[in-house]
Structure formats: structure tokens, C-alpha cells
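These figures come from a predicted structure and were not determined experimentally.
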Amino acid sequence: MPRSSNMYMSGGYWLLILLLCLHSGGGQKKKENLLAEKVEQLMEWSSRRSVIRMNGDKFRRFVKAPPRNYSMLVMFTALQPQRQCSVCRQANEEYQVLANSWRYSSAFSNKLFFTVVDYDEGADVFQQLNMNSAPTFMHFPAKGKPKRADTFDLQRIGFAAEQLAKWIADRTDVHIRVFRPPNYSGTIALALLVSLVGGLLYLRRNNLEFIYNKTGWAMAALCVVFAMTSGQMWNHIRGPPYAHKNPQNGQVSYIHGSSQAQFVAESHIILLLNAAITMGMVLLNEAATSKGDVGKRRIICLVGLGLVVFFFSFLLSIFRSKYHGYPYSFLIK
């Protein structure tokens, strides 16, 4: 081959390399411009409200589509009144508290954004993710696809803002200090209670024998025992939802299917069952110790026995539904 032809081929080779480099540099520049545009848009929306509302198009553009160097926290919910999702409204309040804490903190940056997708505004997103329950919290990392741990375990942990903040810190290394707006309802309730008790003692200042009433103190002690054994303290710490409603079929669950969690309604049910069993035991004791009419005592005994047997069977059936594999049952399965 002539020497001039080799020169032409060599020159064409280097020209091709140059064109590829220019094309690659142009593509990289385009990605950087697109990323900057997306971040600028998200920052503008965040300046207006702490939680950005998204439909299907916005979700696909800002959450799913590259490029992206920021993390997205998304709450999938159903807040429309016709959905009748009280849990969604409660979770949304905690989510707003957390988002506001991040938005107005000194550590706020463009590395994390809070968003929400409502079922009535983004049903296609729910279908795309095969999601059939709400509310659900998901973290979409800046790089890679979401892992199993990027879905918040709401049923086990609850949706308190403090619990969400811990989960975000584990997934993103972003630490958010939760600031709640002042809530004086507890102080007002305590002041009213103290005033009521004080007023009662003042009115009865000449006759305080009721303070030594054993029945009254026994009833007060039972109320405390019922509250504690039904899981009220757990509810206060974890902040679980009152119940769970499936947005697809509208079915409401009042008993949690796991032994590691519970609903608020479930604790109320357990409280009433324990109270009914206790009432049955009191009636049995009354029938055994009283010296009244034998026929009346027999009726009291049967009523007490019926209360204990039926409601204990109900309580045992709930226990079996939560602790799968528990072999024992009585009357109610």
C-alpha cells in the first residue's frame, strides 16, 4: 500500500477518535445540564412546601429516570376523603413534621427531598411498583435501585417522625433532628385534672371518707392495669396506626397479623376483653362468698362463668392469629 494511503488511514483514525471524544464530552455535558435542571426544580418546589406532591410523570422524571445524585423519600398514600384512610392522614401529619424539620434545619441541602404520591394522582405508579397498601414509605437512593431495607417497616415500627428519622439516617447518613410544634393539650389536660381533683376535695373537705374507699381505689388500679396490659404504653412509644385499610378492596384490619406489632384498635379490643374476663372473675367470687339466696348466687355464678369462658376464648383466638403455629384453642378458633 502506498505511503500516502497509510497517512490518510492514520489521519482518519485519529479524526474518528476526536469525534468520539467530542461526542462523549457533549453527552456528559448534557447529563450535567439535565441534572442541574432537575435539582434546581426540586429546590424551587422545596422552597414552597417541604413535601413535594408528585404524579406519575413527575415520579418517573425526578425519581426513576437518571441522572440523579440526590436521594428521594416518597410516601405513597391515599388522602382523598372517599378513600377513608384515617391511618394515611395520621402518617401524613408525622411525615410533614419530619419534612419541615429537615427543610428548616441548618443542615438542609439538595441531597435529600421529601415527596408524596397520592393514589388518586398516581395510580399508575402504584401499579408499576406492585403496591397494594397505603401508607408506604420508600427511599430511592442516589445510586442504584432500592433494596429491601429501603422500604420502611411501618407495621412493626410505626410511623412516628422520630422513627422515620432513624430509618433515614440508616439509609442516607442524613441525620434529622425532629422539631415538633408546641402542643399544650397535655398541659391543659393535666391542669384540668388537677383542678377537678382539687375542686372535689374542697367541696368534700368536711367529709373525706371517700378517700379510704377500697372499691374506688380497686377500680382505679384495675384501669391502670388494663391500660398497661393492653399495650397502651407501646402505642405511646411506637405510634402505630389505629387500624389498617387496604385501598384496593377497602377491607379494614383491626388486629395486626404479626406478633411484633399491633394497632391502636387492637389494644382497645384487648382492654375490653380483659375487663370482661375480670368482671366474670368478680362475679364468680361474689357467688362463692356471698350468703344470699342460693338461686340468685347460682345465676351470678353462671353469668360469671359465661363471661370468663367466652371472652377468654376470644382472647385466645386473637393470640393464635398473631402467634402462628400456636396449637391451643378453646371454643373460638
Please report the C-alpha distance between Trp45 and Phe62 in whole Å, then the side-chain angles of each, then the deciding distance to 0.1 Å, and finally whether the ring-ring contact (aromatic ring centres under 6.0 Å, His included) criterion is met. CA-CA 12 Å; Trp45 286 335; Phe62 291 95; 5.1 Å; yes

If I take atom [atom1] from residue [X] and atom [atom2] from residue [Y], how far apart are they, to the nearest 0.5 angstrom?
X	Y	atom1	atom2	value
Phe126	Phe76	CZ	CZ	6.5 Å
Leu164	Ile157	CG	CD1	8.5 Å
Ile168	Phe152	CD1	CZ	9.0 Å
Arg61	Asn55	CZ	CG	11.5 Å

Closer than 3.5 angstrom, by distance alone: can the side chain of [X] be matched with the main-chain N or O of [Y] as a donor-acceptor pair?
X	Y	result
Asp150	Lys147	yes
Gln80	Asp120	no
Lys322	His256	yes
Asn92	Cys88	no
Glu94	Ala161	yes
Thr115	Leu73	yes
Trp102	Ala165	no
Arg103	Leu98	no
Ser101	Phe179	yes
Thr172	Val174	yes

Verdict with supporting geometry, Phe263 and Tyr254, ring-ring contact (aromatic ring centres under 6.0 Å, His included): CA-CA 6 Å; Phe263 297 131; Tyr254 297 101; 8.4 Å; no

Can [X] and [Y] be counted as an ion pair, charged N to O under 4.0 angstrom?
X	Y	answer
Arg180	Glu93	no
Lys58	Glu121	no
Glu44	Arg48	yes
Asp173	Lys111	no

Give a yes or no on whether the ring-centroid distance for Tyr70 and Phe113 is below 6.0 angstrom.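 Yes, close enough.
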
Does a donor on one side chain and an acceptor on the other come within less than 3.5 Å for Thr77 and Asp118? no

Considering non-hydrogen atoms only, spot the tightest contact between [X] and [Y] and give its length.
X	Y	value
Arg68	Leu35	CA-CD1, 3.8 Å
Phe137	Ala91	CZ-CB, 4.2 Å
Leu307	Met279	CD1-CG, 4.0 Å

Counting only heavy atoms not in [X], do more than 12 fall under 6.0 Å of its [atom1]?
X	atom1	value
Phe319	CZ	yes
Glu40	CD	no
Met281	CE	no
Tyr242	OH	yes
Phe314	CZ	no

How far apart are the C-alpha atoms of Asp153 and Arg148, what are their side-chain angles, what is the distance that settles it, and do they pass the salt bridge (Lys or Arg N to Asp or Glu O under 4.0 Å) test? CA-CA 10 Å; Asp153 192 352; Arg148 184 175 181 179; over 6 Å; no

Hey, does Ser50 have a side-chain heavy atom less than 4.5 Å from the side chain of Tyr104?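 In contact.
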
By ring-ring contact (aromatic ring centres under 6.0 Å, His included) - contacts of His139 (at least two apart):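 Scan of His139 (ring-ring contact (aromatic ring centres under 6.0 Å, His included), adjacent residues dropped) gives none.
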
